[in-house]
Amino acid sequence: MKFESVFESTSDAVIVADQQGTILQWNLGAETIFGFSKSEAIGVNLEIIIPESLIDGHRKGLQRYSETGVPSVIGRRIELVGRRKDGLEIPIEISVGTWKTEDGLFFSNIIRDITERKDTEAKINNLVYRDPLTGLPNRRMFSDQLASKLQQLNGSNQSLSLLYIDLDHFKLINDTYGHYTGDQMLIEVAKRFQSIAHADDTISRFGADEFILLLPNTDSFKATDHAQKILQLFKQPFRFQQEDLFVTPSIGISIFPNDGIDLDTLVKNADIALSQAKNQGKNNFQFFTESTNQVALRRSKLAIDIRKGLEYGEFFIHYQPQIDLKTDKIVGLEALVRWVHPRLGNISPAEFIPVAEDTGSIIQIGEYVLRQACLQNKAWQDAGLPHFRVAVNISSHQFSRCNLMDTVHAALSESDLNPKYLELELTESIIQSSTSAIENMQKLKAMGIHLSIDDFGTGFSSLRYLKLFPVDTLKIDQYFIRNIITDPKDAALVDTIIKMADNLQLNVIAEGVETLDQLQFLKQKKCNQAQGYYFNRPLPPEEIERLYQPASSPIN
């Protein structure tokens, strides 16, 4: 009686069957799990709870045990699939035991419905291996799948390709329209990738706006075709809040086995190729090559050496004169950082500044230039040179930092330089991307510092920003100055900027003046000031002292 009570009260299914699989005992738990009543089950073969696809295996297992006595699942807890009366297949966990009597061999089956456990495991698996926003495989799942693919391909002649994709200027979407819109765009981007994917492709969200596509059985030709399809996908706008929004993809491609035979190498090389695509103007794709690898290695080496160079005093400042076009006299200087590497020699700012910006060391470089420029300007004043402003470029990293005011104030205090002899140059992109731009600029103006917009005309919505921001000077980008003699459109643009600045009572400096014809054009259009190789290259401090004429008028 006690056994019967336990047999019936347990929530697990307890089923006893003979050697032929005929059900002899069937408890309430079995009825609950499988839907068959005791009267329906007893005397029927155990196969009523086994899916058709597994019946052959079940029969073979019984026969093998009866013939050899060697256990297969006996005494172990295994997971299988069971079939309910209504035909629904469910995950089950089963423990099988056997015993022999005079009447033959019998099997006891203790079965548990693990549907809820499997659902929980699936949810946990999704949390661990799926991106919660797009539902795509995340970095961990991608790594597991790529490692599995590489193991399968080991020793074969098959290839696969990795497409590393980054969305260009995606931060502007978040900053302009909010993160909700940005998230909706990422969801739509994922759907577009899926729309051109093959069944065995893996599409992974690798980071914020980064995706990796794993394309099995693809060589460089097929990878090219897929990359072109991706570029085509982004020609159609994304429609949100009744607005058409556009982003473009940059794509880096690595191929197994030519570009690597392990996960880390393939991903690293695809990332290197992606950087090359960014450097080539974005919205394109590039394959990994040894030359791009050498460029990446050099950038990586420079990133390390920049920090060492700052520590060991390898950086210094040159100053480029700014000329008043009415008097032809020097009225200011722009401070420009230079680097002499102990082994590589002179490193161009066009090469090391982008590396410094990517790694964040531009903060230390910017602080160094600001401090040295202020100290040098005060030293010139103490030496008896007429007073003039020195302009210092401010990077986006510096401008967005909360301690910018403290940094500027410290440089002025240490040098004892009057703030009116310091000019800070900001690019349009810097002030447009900063939510606190107006506040920061007003604080700098309140300190008495002169503000200018560098590379004017290369950003967006320039006129609107001129109205909003408290600037003193516009610097016309050398891109426009270069062709003012040969290109009527550039000439018209420069003329328009000069007239507009005059109407707004802003000073105008033309950058990159290299010829007499350019100078005469600017004088004719009444541009205020100019700088460029026509006048002087950037010079070390001692040459500025020799060059600067005492008769030049100070700026008040």
Side-chain angles (χ1 to χ4, degrees), residues 2-66 70-99 105-132 134-145 147-148 199 202 204:
K2 289 183 180 180
F3 173 76
E4 285 291 331
S5 175
V6 172
F7 179 79
E8 289 297 339
S9 64
T10 179
S11 59
D12 293 340
V14 181
I15 305 170
V16 177
D18 63 17
Q19 188 169 342
Q20 286 71 42
T22 303
I23 297 173
L24 304 176
Q25 288 183 298
W26 182 270
N27 75 339
L28 184 59
E31 183 174 331
T32 302
I33 291 174
F34 294 104
F36 295 97
S37 67
K38 183 180 293 188
S39 60
E40 291 175 309
I42 290 180
V44 179
N45 195 282
L46 192 62
E47 292 175 357
I48 64 169
I49 65 167
I50 300 173
E52 290 184 12
S53 60
L54 300 179
I55 287 177
D56 282 345
H58 170 69
R59 290 172 179 171
K60 290 175 181 176
L62 280 176
Q63 178 150 5
R64 184 166 56 252
Y65 184 82
S66 64
V70 177
S72 53
V73 299
I74 307 303
R76 293 191 293 125
R77 184 177 296 176
I78 62 170
E79 293 183 4
L80 293 172
V81 177
R83 182 180 62 180
R84 289 172 45 86
K85 179 180 178 180
D86 57 12
L88 180 67
E89 294 186 1
I90 58 172
I92 58 174
E93 182 181 82
I94 182 170
S95 298
V96 182
T98 64
W99 73 92
L105 182 67
F106 296 91
F107 294 87
S108 64
N109 304 274
I110 301 175
I111 302 171
R112 177 169 298 170
D113 182 355
I114 57 173
T115 300
E116 185 175 340
R117 190 177 85 194
K118 286 295 183 182
D119 288 345
T120 301
E121 288 175 357
K123 290 177 182 177
I124 293 173
N125 186 68
N126 277 337
L127 289 173
V128 174
Y129 289 103
R130 294 276 175 180
D131 170 47
T134 63
L136 295 176
N138 61 14
R139 183 188 293 257
R140 176 179 291 184
M141 185 174 182
F142 167 82
S143 298
D144 289 349
Q145 291 188 350
S148 176
T202 298
S204 168

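Residue indices begin at 1 and follow the sequence shown.
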Do N45 and I23 pass the side chain to side chain contact (heavy atoms under 4.5 Å, CB included) test, and can you show the C-alpha distance, the side-chain angles, and the key distance before you say yes or no? CA-CA 6 Å; N45 195 282; I23 297 173; over 6 Å; no

Can you tell me how far the OH atom of Y129 sits from the OG atom of S143, to the nearest 0.5 Å? 10.0 Å

Rounded to the nearest 0.5 Å, how far apart are CG of L46 and OG1 of T22? 9.0 Å

Looking only at non-hydrogen atoms, find the nearest pair between P51 and E89 and report the distance. CB-OE2, 3.5 Å

side-chain hydrogen bond (donor to acceptor under 3.5 Å, both in side chains) for T202 and Q145? Distances and angles first, verdict last. CA-CA 8 Å; T202 298; Q145 291 188 350; 2.9 Å; yes

Please identify which of these residues, M141, R140, R139, meets the side-chain contact (heavy atoms from CB on, under 4.5 Å) condition with P137. M141

Taking atom CG of D18 and atom CZ of F107, what is their separation to the nearest 0.5 Å? 9.0 Å

In terms of side-chain geometry, is the basic nitrogen of R77 or E93 positioned less than 4.0 Å from the acidic oxygen of its partner? yes

Determine whether Q25 and I42 satisfy the following criterion, side chain to side chain contact (heavy atoms under 4.5 Å, CB included), listing intermediate values before the conclusion. CA-CA 6 Å; Q25 288 183 298; I42 290 180; 5.8 Å; no

If we only count heavy atoms from C-beta on, is the I111 to F34 side-chain gap below 4.5 Å? yes

Ion pair R117/E79, N-O distance below 4.0 Å: yes

Got a donor-acceptor contact below 3.5 angstrom from the N27 side chain to the D12 backbone? yes

Does N109 use its side chain to pair, donor to acceptor, with the backbone of I15 at less than 3.5 Å? yes

T32 side-chain N/O to L28 backbone N/O, donor-acceptor pair under 3.5 Å: yes

May I ask you to test the E52-R83 pair for a side-chain heavy-atom distance under 4.5 Å? yes

In sequence, state the C-alpha distance, the side-chain angles, and the governing distance for E40 and K85, and then conclude on salt bridge (Lys or Arg N to Asp or Glu O under 4.0 Å). CA-CA 10 Å; E40 291 175 309; K85 179 180 178 180; 2.7 Å; yes

How are the rings of F106 and W99 set relative to one another: parallel (under 30°), tilted (30 to 60°) or perpendicular (over 60°)? parallel

Sub-3.5 Å donor-acceptor pair from the side chain of W26 to the main-chain atoms of F36, do we have one? yes

Are there more than 12 heavy atoms of other residues, nucleotides or ligands under 6.0 Å from atom CZ of R112? no

Is the closest side-chain heavy-atom distance between L136 and S204 below 4.5 Å? no

What distance do I90 atom CD1 and D113 atom CG have between them, rounded to the nearest 0.5 Å? 4.0 Å

Distance (rounded to the nearest 0.5 Å) between I92 CD1 and I114 CD1: 8.0 Å

So CG of L24 and OG of S108: to nearest 0.5 Å the spacing works out to 11.5 Å

